[in-house]
Amino acid sequence: MHETSADNPAGRSGLNACLLKSAAVGALGGLLFGFDTAVIAGAIEALTKLYDLRADPTGFILTANSQGFTMAIAVIGTVFGALLSGIPGERYGARECLKVLGIFFLLSSIGCALTWNWPVLLVSRFLGGVGIGGVSVLAPVYIAEISPARWRGRLVGLFQFSIVFGILVAYLSNYLVDLTNPGDLEWRIKLGMGVVPAALFFFLLFGIPRSPRWLVKKGNVPEAREVLTSTGEENIERELQDIQASLEAEEGVTGTPLFTRKHLFPIYLAVSIAMFNQFTGINGLLYYLSSIFTQAGFSQVSGDIQSVVIGGTNLLFTMLAMSIIDKVGRRLLLLVGSVGTAICLSGVSWIFFTNQHQEFLIWLLIGYIAFFAFSQGAVIWVYISEVFPTSVRSKGQSLGCFTHWFICALITFLFPMFAKASGGYPFCFFAAMMVVQFFVVLFTYPETKGATLEDIQKRLTTR
């Protein structure tokens, strides 16, 4: 068994160039995830006006329902991407599958920029959604499996950092495009900007190694040894023995079923944290941020400036959480975030119900984003990637991400309809869910900081 104490220098693995490069490239998929999630917020108003004011041969009009569907179609794609990526990820490896998803992102950005009617836009956004869903499964798995225990929280946290950096880039990109006033091309330029990071992601994937745990699972121990050497693992042979022992404990290296009794607790942890991540309301807010500010009385340009501020806050507090997640642990971050987001969401709900003190909206949303980034945002991908054994990690990550994106699709579709009646209803619901999350985490979530993936497997599959 590995030493898990951070105070034991003999068991420490260094953060070398190969390890950092591999984690950073894997995390770049998160930038595409975040960019695609947020960029549509700056284009939806233009799309609504376009299909309201100009006759479209399809006859589609972006009403409240179809606006919700335009936003939700990408999330529906993520459901499919998350559900279907686990099996090929186990068979062909995360790195190879991420290359395919990079192509999906390219096709999506090009299709959105060149679309000539609403159905083509929907298909293009669906492809981007499939890419997001697949990346959210495979990138955290890849980073977790290539990272030493003492660095795993921070390195997997790079994925969330990339997500929020992508969100900030999208908001900033939308703001800069607005300043150039490109007219009818505005929304096409905004949606087409994703081509650049998609191409970069695809080509950089050819320069990183495959996961050592996946290689051992496939019987390629010599290459796994080379990867562990290049990523700075100090106790290579002991690490290989632990990986092989964990696979043997799972009764084989191929075809291990996920839904067995010994995996019930990891399944519960992955599904519940994915549900609560969406019950924070984060994607409803990010997708409709411009509309929320408009409903509160802000102008288009003013709303875009506020969006950039919120994106910057998201990035800052994600970085803060990443710097301490391996020291204070995952559980404490979730508890602090539950309290903070519940308070801020309650305040936002009160503003919309009373139609008073709109000047406080930006500050409450900044506070909400800060607490979310500091807790759920930083923890979810780390936690889901840790709690499953190597033999079913891709399948387990797929289940957690499927849950995450399925609920996200529902919230994204329903948000504008509930917000139309009163912007306060959705935020009131999200605040209540954060109260529930606090007690679920307090009484049922174990801490995983500082433990190897194999040690976590032993603890959680024997409960």
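Quick caveat, the model's predicted, so the values are computed rather than measured. All values below come from the heavy atoms of this structure, side chains included, with hydrogens, waters and symmetry mates left out.
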Notebook entry, point to check: Do the side chains of Leu138 and Val141 get nearer than 4.5 Å, heavy atoms only?
Noted result: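 They are not in contact (no side-chain heavy atoms under 4.5 Å apart), so the answer is no.
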Check: Is any side-chain heavy atom of Gln397 less than 4.5 Å from a side-chain heavy atom of Trp381?
Finding: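 With C-beta onward as the side chain, the pair touches.
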Item checked: Aromatic contact, Phe371 with Phe317 (centres under 6.0 Å) ->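 No, too far apart.
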Margin query: Once you measure the plane-to-plane angle for Phe352 and Phe427, does it fall in the parallel (<30°), tilted (30-60°) or perpendicular (>60°) bin?
Written below: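 Ring orientation of Phe352 relative to Phe427: parallel.
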Next item on the list: Assign the ring pair Phe165 / Phe161 to parallel, tilted or perpendicular, where the plane angle (0 to 90°) is split at 30° and 60°.
Entry: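 Parallel, since the angle between the ring planes stays under 30°.
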Nearest 0.5 Å, what's the [atom1]-[atom2] distance between [X] and [Y]?
| X | Y | atom1 | atom2 | result |
| --- | --- | --- | --- | --- |
| Gln376 | Leu333 | CD | CG | 10.5 Å |
| Asn277 | Ile407 | CG | CD1 | 9.5 Å |
| Ile103 | Phe202 | CD1 | CZ | 4.5 Å |

Exercise: do [X] and [Y] side chains pair donor with acceptor under 3.5 Å:
| X | Y | result |
| --- | --- | --- |
| Thr444 | Tyr268 | yes |
| Thr318 | Gln160 | no |
| Thr448 | Glu386 | yes |
| Ser272 | Tyr445 | yes |

[X] side-chain N/O to [Y] backbone N/O, donor-acceptor pair under 3.5 Å:
| X | Y | result |
| --- | --- | --- |
| Asn174 | Val39 | yes |
| Ser108 | Phe104 | no |
| Thr115 | Cys112 | no |

Notebook entry, point to check: So, Asp326 and Arg154, do they make that salt bridge, N to O below 4.0 Å?
Noted result: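 Salt bridge between Asp326 and Arg154, a charged N being under 4.0 Å from a carboxylate O: yes.
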